[in-house]
Amino acid sequence: GNWHGVTVGALEGRAKRGALQGNTVCDLPGIYSADSLSMEEKFTRDVLSAEKGAPILFISEYAALDRSLPLLQTLAAEGRVRAIILTKRKLFLRAGGALDVAALEGRLGVPVLEAELLRGKKLAEAVAGALAKGEKRGQNRAAEEVLQGIYTPQRKGLSRADRLLLNGWFSVPLFLLLMGLAFFVTFARGLPGDLMKGGVEALFGDVLAPCFDGFPPVARSFFQKGLCASLGSVLCFLPQIALLFFFLSVLDESGFLSRLAYLTDGFFSRLGLNGRAVFSLVMGFGCTAAAVLTTRGLDDRDIQRRTILCLPYIPCSAKLPVFLTLAASFFSEPFAAVVLLYLLGGGISVAAALLTKGETPPFLMELAPLRLPDPLFLARSLFFQIKQFIIKVATVILAFFLFSWLLSSFDFGFRLVEPGQSMLAGICGWLKWLFAPIGMADWRIAYAALSGLVAKENIAGALAMLYGGFPYGGASAFAFAVFVLTCSPCVSAIASTARELGWKRALLYASAQNATALLFSYAAYFCLTCYALALPLALLAVLLLLFFGKRHETLSRSGGRRLKKLHR
C-alpha cells in the first residue's frame, strides 16, 4: 500500500531457532505488479532481480488477492514462491468476502497459510515446513480462472464512516481537535503527562541524588551532576514522549491519516508537494530520522527532496525536553509554549516548501483500511518506542553526558575545578560569540547547542549539568528555543538523509539549516527586545509574495474533470 506505516526499505533479520535457523529473512516493500511506480516499489523490483535464487514468501491481504495474483503467478511460475500468507481475514469476511483456501492452494500449487489462524509459533512452523518442501512450480493459469468460483470480493464502495472522514469540513477540524487534545493531555499542568514527568524528576532529584551526599567530592560530582542531573533531565520527559507517540500511533493505525492525506492534497499541491507528504510530516513529530526514511514511499524524487528539506522544522520528540526546559523562562504555562513553538515550526516548514516549490505530479492515493487500532499492537509499538528511547539514553546520551562531566569538572591538569576553569570552558570559549547577539555570550550555551547536533536530548542534559536551570530571561530563552527548532537534526537524521539523497546533499542541508537557525534566533531576539511587530509583518509579506507570485502550470486538481485520486 502507498500509505504511511508500510515497509519502505529492506528490513533484515537472522533466524536464531527452529527450521529457519541460520537463514536471513528479508521484508521488502509491497508491490502489486512488476510495473513499479514509486521509489520503494522500484527498490523491491531491483532486489527481486538481484536475488534470483532466494525463495519468496508471498504475503497478501485477502481483499487484495485479485490485484496481487498476476505478480504472484509470475513469481510462482519461476519456482520462487514457497508459500502464500493471507492476512486481515476478519475484515475481509466482515465486508462480505469469501475464499476457498484449499481450492486456491490446489489451483496455484503453492501452500496457502492464513496468518490469523496460525499465530506465533504455529505460523513460524508452517512457514518453515513450506520452505523445507523445496521448490514447487505454480500452475500457469489466467488470474480469472484461478479465482473463478472460489473467490468472492468484498463489497465495494465507501462505508458511512469513510464518507464522513472524507469530508474536509469534518475531518480537518477533527484532526486539529485531536492534536490539540493530545498536546493538552501531554503538556498541560496537572494532567497525566505533567504529573508523570514530575514523578520522574522527583525520583532523580529528591530520592536518588541525596543518596550520594556523603561521597567524596569527585564521586559526589560524578553521581549527582554527571548521572542524576543529566539523565534525570532527559528521562523525566519519557512519559510525555510516550503519550505523544501513542496519539500518533492511534491516528496512523486507525487509517485516519490516509484520509487526511487525500483531503490535504490540494493544500500541499500549492506548496509543490502532494497529499502523501502528510505521512512523513506527521511522522516528523515523533522522529525525524524515521520520517526521512518514510519519504521513500513518495512517487517523485523532487517531492522527496523538498519533503526532507521541510522535516527538520517539524519539532521531533527529542526537542520536547529542550522546549519544556526553556519554556518556564518565557511562558508560565508549558502547554502554550510548546504549542507556540510547534506552530512556528509548522510555519517555517511551509515557508521552506514554498521557497523550493516545483512542479507537482498527479496524485494517486490508496486508502488504508479504516479500523479500530489493535490494543495489543499499540502496546507493542509503544513499548518499542520506549525501549528505543531508553537504549538511546543508556548508550549514546549517557556516554556523552559522562564525557561532558569529565571535561567540565577537570582542568587540563586533571584537577577538580569549577566549570568556568575546566577543559570544556577552554575548548568552547570561542563559540560563545555565536550566541552573544541573543544576550548569551556564554560557552555553556554554545556547548549545549553543539551537543544538540549529536542528539537533541543532550541540550536539556547539558543545561541541567552546567547550570542546574536556565538562568537567562525570556527573550534569550525564546531565541535559543528558535535556534533548537530550526537547526539541523541529529546525526541519525542526517545519516538517514544521506542514505536517501547522498552525503553531499545531506551535509549541505545541515550546514544551511545551522546557518539560518542562528539568523532566525537573532531575528527572534530582535523582535522581542526591539520591534515586536517588524519581523512577523516582514515574514507575512514574504509568504504572500511567494504564494501569489510565480505560478506553475500543473494538471488541474479541481473543477471540470477531477483527477481520480482515490482508489480502493
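Judged as a side-chain hydrogen bond (donor to acceptor under 3.5 Å, both in side chains), and not counting sequence neighbours, the contacts of Arg499 are Ser496. Judged as a ring pair (Phe, Tyr, Trp, His ring centres under 6.0 Å), and not counting sequence neighbours, the contacts of Phe285 are Tyr342. In terms of the side-chain hydrogen bond (donor to acceptor under 3.5 Å, both in side chains) criterion, residue partners of Thr24 (sequence neighbours excluded) are, by chain and number, Arg14. For Thr486, there are no side-chain hydrogen bond (donor to acceptor under 3.5 Å, both in side chains) partners, not counting sequence neighbours.
Note: Glu116 CD to Leu93 CG = 8.5 Å, rounded to the nearest 0.5 Å. Here the OG-CG distance, from Ser269 to Asn274, works out to 8.5 Å after rounding to the nearest 0.5 Å. To the nearest 0.5 Å, the span separating CG on Leu309 from OG1 on Thr497 amounts to 9.5 Å. Atom CD1 in Ile308 sits 11.5 Å away from atom OG1 in Thr356 (nearest 0.5 Å). A distance of 10.0 Å separates CD in Glu457 from CG in Leu235, rounded to the nearest 0.5 Å. Between Asn167 atom CG and Leu263 atom CG the span is 8.0 Å, to the nearest 0.5 Å.
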Trace of the side chain to side chain contact (heavy atoms under 4.5 Å, CB included) decision for Leu257 with Leu260: CA-CA 5 Å; Leu257 279 186; Leu260 186 69; 4.1 Å; yes
Side chain to side chain contact (heavy atoms under 4.5 Å, CB included) between Leu86 and Leu113, worked out: CA-CA 6 Å; Leu86 297 177; Leu113 310 175; over 6 Å; no
Under the side chain to side chain contact (heavy atoms under 4.5 Å, CB included) criterion, do Phe256 and Val250 qualify, and how do the steps go? CA-CA 9 Å; Phe256 181 65; Val250 170; over 6 Å; no
Could you check Val282 against Leu248 for side chain to side chain contact (heavy atoms under 4.5 Å, CB included), going step by step and ending with a plain yes or no? CA-CA 8 Å; Val282 172; Leu248 293 177; 3.8 Å; yes
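Within the 4.5 Å cutoff, no side-chain heavy atoms of Leu340 are placed close to those of Leu344. A heavy-atom distance below 4.5 Å is found between the side chains of Val101 and Glu114. Proximity of Thr186 to Leu191: side-chain heavy atoms (C-beta onward) are nowhere separated by under 4.5 Å. Contact annotation: the side chain of Ile85 approaches that of Val127 to within less than 4.5 Å [non-hydrogen atoms, C-beta and beyond]. Side-chain contact between Ile494 and Tyr509 is absent, with no heavy atoms from C-beta onward closer than 4.5 Å. Between Val110 and Glu105, every side-chain heavy-atom pair lies at or beyond the 4.5 Å cut-off. Taking 4.5 Å as the limit, some side-chain heavy atom of Leu28 sits within range of a side-chain heavy atom of Leu48. With a 4.5 Å cut-off on side-chain heavy atoms, Leu99 and Thr152 do not count as touching.
Tyr62 and Gln154 are not linked by any side-chain donor-acceptor pair at a separation below 3.5 angstrom, with hydrogens and angles left out of the test.
Of all non-hydrogen atoms in Ala115 and Thr87, the two that sit nearest each other are CB-CG2, 4.1 Å. Closest approach of Pro489 and Lys456 over heavy atoms only: C-NZ, 3.6 Å. The two residues Leu501 and Arg301 make their nearest non-hydrogen contact at CD2-NH1, 4.1 Å. Considering every non-hydrogen atom in both Gln240 and Gly193, the closest pair reads CG-O, 3.5 Å. Contact between Thr307 and Ser280 at its shortest, heavy atoms only, is CG2-CB, 4.0 Å. Between Cys490 and Ala455, the shortest heavy-atom contact is CB-CA, 4.0 Å.
Between the Arg306 side chain and the Leu273 main chain, no donor and acceptor come within less than 3.5 Å of each other. The backbone N or O of Gly255 sits less than 3.5 Å from a side-chain atom of Arg259, completing a donor-acceptor pair. With Thr295 contributing its side chain and Ala291 its backbone, the two residues share no donor-acceptor pair below 3.5 Å. Using modelled atom types, one side-chain atom of Arg107 and one backbone atom of Val146 make a donor-acceptor pair closer than 3.5 Å. Under a 3.5 Å cut-off, the side chain of Ser349 and the backbone N or O of Gly345 do not form any donor-acceptor pair.
A salt bridge links Asp302 to Arg305: at least one charged side-chain nitrogen sits closer than 4.0 Å to a carboxylate oxygen. Between Glu253 and Arg371, at least one side-chain N (NZ, or NE/NH1/NH2) sits under 4.0 Å from a carboxylate O, which counts as a salt bridge. With respect to Asp265 and Arg276, no salt bridge is recorded, no charged nitrogen being found less than 4.0 Å from a carboxylate O.
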Side-chain donor-acceptor contacts of residues 311-318 below 3.5 Å, not counting sequence neighbours, with atom names and distances?
{"from": "Ser317", "atom 1": "OG", "to": "Gly286", "atom 2": "O", "distance (Å)": "2.7"}

Under 3.5 Å, side-chain donor or acceptor atoms of residues 375-391 against the rest of the protein: list the pairs with distances, not counting sequence neighbours.
none

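Within a 6.0 Å radius of OH in Tyr151, more than 12 heavy atoms belonging to other residues, nucleotides or ligands are found.
Screening Lys90, Arg89, Lys88 for a salt bridge (charged side-chain N to carboxylate O under 4.0 Å, His left out) involving Glu61 leaves a single residue, Lys88.
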